[in-house]
Amino acid sequence: MEKENADTRQEFLSFQNADLGYSGKAVISAVELTLYKGRFYGIVGPNGAGKTTMIKSMLGIIKPLSGRIVRSSEFRFGYVPQRESMDELFPLSVWDIVMMSRYPLLKAFKIPGKIDRDAVRKSIHDVGLDHLKNTPYRQLSGGQKQRTLIARALAGEPDVLVLDEPTNGMDIGAEKAIMDVIKGLHRQGFTIVMITHLINLVADCADYIMLLNGGISFGLREEILTSKSLSETYDIEVTVCNERGRTLIFA
């Protein structure tokens, strides 16, 4: 992996000896790391290890129990939640849901204009849903719903795209299609931060890995995704190998 010149890196988020958690109880302790523009970060770890706590802290939804989290004001975050979080009772179309991300950008008492409609149109196109833009969200497949939520985040014109288990519950075809979209956005220049419990999904595309389990191991993916580190984290025998240029992980 090509190393960057330190003078050219743009820092967008810094954890400074931060304890992260809820109600005074730390889930992840003494987090000390800095994130930079343009990279793909994968967040992995066992259930309950603090993956969602980490991204909520990044987004400012929860404050650190101690220490500091410093965010650059020059960067805008786009959040893609798990699709199960979207209420399907309301008869909203793909277009309606994607337009939601434009309202925070409007001045008081303004309605969406051409710039907003163009942003929504482009975002829907970028995730391949042009033909479904007027379809009710609740009629979509799981993969199409996830694409809609990615488009909603994109329409807000983010620099950093934060995704929480974007392939959860999908079959292998839908999973690959979503990962192709995400990897394509990274190639376009978006910074990606992605939670997944399926480590193989980020084993080849993430630049850096955060491996959580009470504490945090952070570094280049080839340094973090080793048989030893994963076996210790998951308390089972894990094998990491390379096959035809791909990293494969077996338990």
Side-chain angles (χ1 to χ4, degrees), residues 1-22 25-46 48-81 150 153-154 156-166 182-183 185-197 199 201-226 228-230 232-233 247:
M1 186 179 300
E2 184 179 351
K3 299 295 187 295
E4 301 160 297
N5 185 310
D7 295 332
T8 65
R9 297 183 300 180
Q10 289 184 266
E11 174 184 324
F12 69 86
L13 187 68
S14 176
F15 290 82
Q16 301 175 2
N17 195 31
D19 288 348
L20 312 177
Y22 309 87
K25 183 178 180 180
V27 177
I28 314 171
S29 301
V31 181
E32 189 78 38
L33 58 87
T34 301
L35 306 184
Y36 295 93
K37 176 184 178 182
R39 294 176 175 175
F40 191 134
Y41 295 97
I43 303 178
V44 299
K51 299 186 292 294
T52 298
T53 301
M54 172 63 75
I55 62 168
K56 285 184 176 180
S57 300
M58 288 182 180
L59 296 168
I61 296 172
I62 60 174
K63 295 181 179 180
L65 301 176
S66 63
R68 301 176 66 213
I69 301 174
V70 180
R71 299 173 192 80
S72 171
S73 60
E74 298 179 10
F75 289 83
R76 181 179 293 159
F77 288 75
Y79 176 49
V80 183
I150 293 173
L154 293 176
E157 301 178 8
D159 306 287
V160 182
L161 199 59
V162 181
L163 304 107
D164 187 356
E165 297 278 11
I182 295 168
K183 288 185 280 189
L185 292 170
H186 183 230
R187 287 193 295 270
Q188 291 177 37
F190 287 93
T191 303
I192 304 293
V193 179
M194 175 179 154
I195 286 179
T196 180
H197 66 280
I199 305 176
L201 289 183
V202 292
D204 285 315
C205 59
D207 303 312
Y208 288 78
I209 295 291
M210 301 179 204
L211 179 60
L212 308 181
N213 193 18
I216 179 169
S217 298
F218 174 70
L220 292 165
R221 69 170 183 263
E222 59 265 31
E223 297 172 350
I224 301 301
L225 298 182
T226 65
K228 181 176 185 294
S229 65
L230 293 177
E232 290 174 350
T233 297
T247 300

Requested in this report: Take Y22 and T53 through the test side-chain contact (heavy atoms from CB on, under 4.5 Å) and record every step on the way to the result.
Outcome: CA-CA 9 Å; Y22 309 87; T53 301; 3.1 Å; yes
Requested in this report: Take I150 and L163 through the side-chain contact (heavy atoms from CB on, under 4.5 Å) test and state the conclusion after the steps.
Outcome: CA-CA 8 Å; I150 293 173; L163 304 107; 4.0 Å; yes
Requested in this report: Start with the C-alpha gap between F190 and I182, add the side-chain angles, then the distance that decides, and say whether side-chain contact (heavy atoms from CB on, under 4.5 Å) holds.
Outcome: CA-CA 9 Å; F190 287 93; I182 295 168; over 6 Å; no
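One finds the CG atom of L212 at 4.5 Å from the CD1 atom of I28 (value rounded to the nearest 0.5 Å). Rounding to the nearest 0.5 Å gives a distance of 7.0 Å between CG of L20 and CG of L65. The OG atom of S14 lies 11.0 Å from the CZ atom of R71; values are rounded to the nearest 0.5 Å. To the nearest 0.5 Å, the span separating OH on Y79 from NZ on K56 amounts to 7.0 Å. A distance of 6.0 Å separates CG in L230 from OG1 in T226, rounded to the nearest 0.5 Å. To the nearest 0.5 angstrom, Q16 atom CD is 10.5 Å from L33 atom CG.
A side chain to side chain contact (heavy atoms under 4.5 Å, CB included) with F40 holds for exactly one of L185, V193, I192, L161; it is I192. Shown are L35, T34, I43, I209; of these, the side chain to side chain contact (heavy atoms under 4.5 Å, CB included) with F218 is made only by L35.
Nearest approach of A18 to I69, heavy atoms of both residues: CB-CG1, 4.4 Å. Heavy-atom minimum distance, M58 versus F15: CG-CZ, 3.7 Å. Minimum heavy-atom separation, P166 to I195: CD-O, 3.5 Å. Scanning both residues, F75 and Q10, for their nearest heavy atoms gives CZ-CB, 4.0 Å. Minimum interatomic distance between A153 and P158 (heavy atoms only, all atoms of both residues): O-CD, 3.2 Å.
No side-chain heavy atom of P81 sits under 4.5 Å from any side-chain heavy atom of D164. The closest side-chain heavy-atom distance from S229 to L211 is below 4.5 Å. Within the 4.5 Å cutoff, the side chain of F12 has no heavy atoms near those of the D159 side chain.
Looking at K51, its side chain does come within 3.5 Å of a backbone N or O of P46 through a donor-acceptor pair. Put simply, the side chain of Y41 never gets that close to the backbone of T191: no donor and acceptor are under 3.5 Å apart. Side-chain atoms of R76 come within 3.5 Å of backbone N or O of G156 as a donor-acceptor pair. In this structure a side-chain-to-backbone donor-acceptor pair under 3.5 Å is present from D204 to T247. Under the 3.5 Å distance criterion, the side-chain polar atoms of E165 are matched with a main-chain donor or acceptor of H197. Checked by atom type and distance alone, the side chain of R39 never pairs as donor or acceptor with a backbone atom of D207 at under 3.5 Å. N17 places no side-chain N or O within donor-acceptor distance of the main-chain N or O of A30, the cut-off being under 3.5 Å.
Annotation for E74: atom CD does not count as buried by contact number, only 12 or fewer foreign heavy atoms lying within 6.0 Å.
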